[in-house]
Amino acid sequence: TFSISLYAIDCEAPISKERFNSLLKTIELKNNDYQKYKLISAYTNRECITVSQLLSFIDLIDEHKVKISIIQESYNSLFDKENIEQLMTNFTDHEISVIQKSFN
């Protein structure tokens, strides 16, 4: 059996600032984008986060395509989806379209 609590299905509140800072420090220690991506994906599958917290995670990634993948995968874990436009500022219209298609 698996535990439903492992997944951030219903975001009622984002993770605490302390927990977020701890996760961010762990990600910063990773050597490459792939390792960072794996950690961010794992965290956002279990935790509710805000758009600004996701932006902080994305800022640690160099590879543009990895940033897009993280946004696509993390959408359901966002506490404040109404602020999603803040995530789109550094992408082309085509990339935004690709990202938004994954939300449905």
Side-chain angles (χ1 to χ4, degrees):
T1 65
F2 73 79
S3 171
I4 301 241
S5 64
L6 291 177
Y7 300 97
I9 296 171
D10 295 319
C11 284
E12 294 179 11
I15 59 174
S16 69
K17 187 172 184 171
E18 295 76 21
R19 174 98 172 112
F20 170 75
N21 288 334
S22 172
L23 298 178
L24 193 64
K25 286 178 184 165
T26 303
I27 295 167
E28 288 171 340
L29 295 174
K30 297 302 173 189
N31 294 327
N32 62 53
D33 281 354
Y34 180 72
Q35 290 177 333
K36 292 174 185 175
Y37 165 77
K38 293 295 284 179
L39 263 183
I40 293 168
S41 292
Y43 291 152
T44 59
N45 278 328
R46 293 191 313 262
E47 310 271 5
C48 289
I49 60 172
T50 65
V51 167
S52 64
Q53 289 170 332
L54 184 57
L55 277 169
S56 295
F57 285 158
I58 291 171
D59 285 345
L60 300 176
I61 303 293
D62 294 319
E63 180 62 41
H64 201 70
K65 289 180 182 179
V66 175
K67 292 181 181 196
I68 292 171
S69 294
I70 290 171
I71 292 172
Q72 290 173 315
E73 288 184 23
S74 302
Y75 179 76
N76 289 328
S77 298
L78 290 175
F79 173 71
D80 56 343
K81 290 182 175 94
E82 67 274 7
N83 296 323
I84 195 76
E85 292 303 315
Q86 294 174 21
L87 290 172
M88 307 298 175
T89 57
N90 294 320
F91 297 102
T92 65
D93 289 342
H94 173 71
E95 290 168 335
I96 291 170
S97 172
V98 168
I99 291 169
Q100 289 174 333
K101 282 181 186 173
S102 69
F103 296 165
N104 299 330

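Any value given below was found using the heavy atoms of this structure, including those in side chains, with hydrogens, waters and symmetry copies removed. Treat the numbers as computed from the prediction; the structure is a model and nothing was measured.
- Clustering ILVMFWY residues whenever any of their side-chain heavy atoms sit less than 4.5 angstrom apart, transitively, puts I27 in the very cluster that holds I15.
- T89 places no side-chain N or O within donor-acceptor distance of the main-chain N or O of E85, the cut-off being under 3.5 Å.
- Between F20 and Y43, a ring centre-to-centre spacing not shorter than 6.0 Å is recorded.
- Cation-pi check for K81 over Y75 is met; the charged atom lies under 6.0 angstrom from the ring centroid and within 45 degrees of its normal.
- Shown here is E28, whose CD atom has more than 12 heavy atoms of other residues, nucleotides or ligands within 6.0 Å.
- Using a 4.5 Å cut-off on side-chain heavy atoms (C-beta onward), V98 and F91 make no contact.
- A 4.5 Å side-chain heavy-atom check between L78 and I49 finds at least one atom pair inside the cut-off.
- Atom NZ of K38 sits about 12.5 Å away from atom NZ of K30, to the nearest 0.5 Å.
- Put simply, CE on M88 and CD1 on I68 are 9.5 Å apart, with the number rounded to the nearest 0.5 Å.
- The distance from atom CG of D33 to atom NZ of K65, rounded to the nearest 0.5 Å, is 13.0 Å.
- Between the side chain of S22 and the backbone N or O of E18 there is no donor-acceptor pair closer than 3.5 Å.
- To the nearest 0.5 Å, the span separating CG on L24 from CG on L29 amounts to 10.0 Å.
- A donor-acceptor pair is defined here as one N or O able to donate and one able to accept, closer than 3.5 Å; no such pair exists between the side chain of S74 and the backbone of S77.
- Linking Ile, Leu, Val, Met, Phe, Trp and Tyr whenever their side-chain heavy atoms come within less than 4.5 Å puts V51 and I71 in one cluster.
- You'll find the side chain of N83 stays beyond 4.5 Å of the side chain of T50, heavy atoms only.
- No more than 12 heavy-atom neighbours from other residues, nucleotides or ligands sit within 6.0 angstrom of OH on Y34.
- Enclosure of atom CG in N32 by more than 12 non-hydrogen atoms of other residues, nucleotides or ligands within 6.0 angstrom is indicated.
- Rounded to the nearest 0.5 Å, atoms CG (N21) and NZ (K17) are 6.5 Å apart.
- Atom-to-atom distance recorded for I61:CD1 and S69:OG is 10.0 Å, nearest 0.5 angstrom.
- Counting heavy atoms from C-beta outward, I84 and I99 have side chains that stay 4.5 Å or more apart.
- Under the 4.5 Å side-chain contact rule for hydrophobic residues, L87 and L23 share a cluster.
- H64 and N90 make their closest contact through CE1-O, 3.4 Å (heavy atoms, listed as atom of the first residue, atom of the second, distance).
- Across all their heavy atoms, Q53 and P14 have their closest contact at OE1-CB, 4.1 Å.
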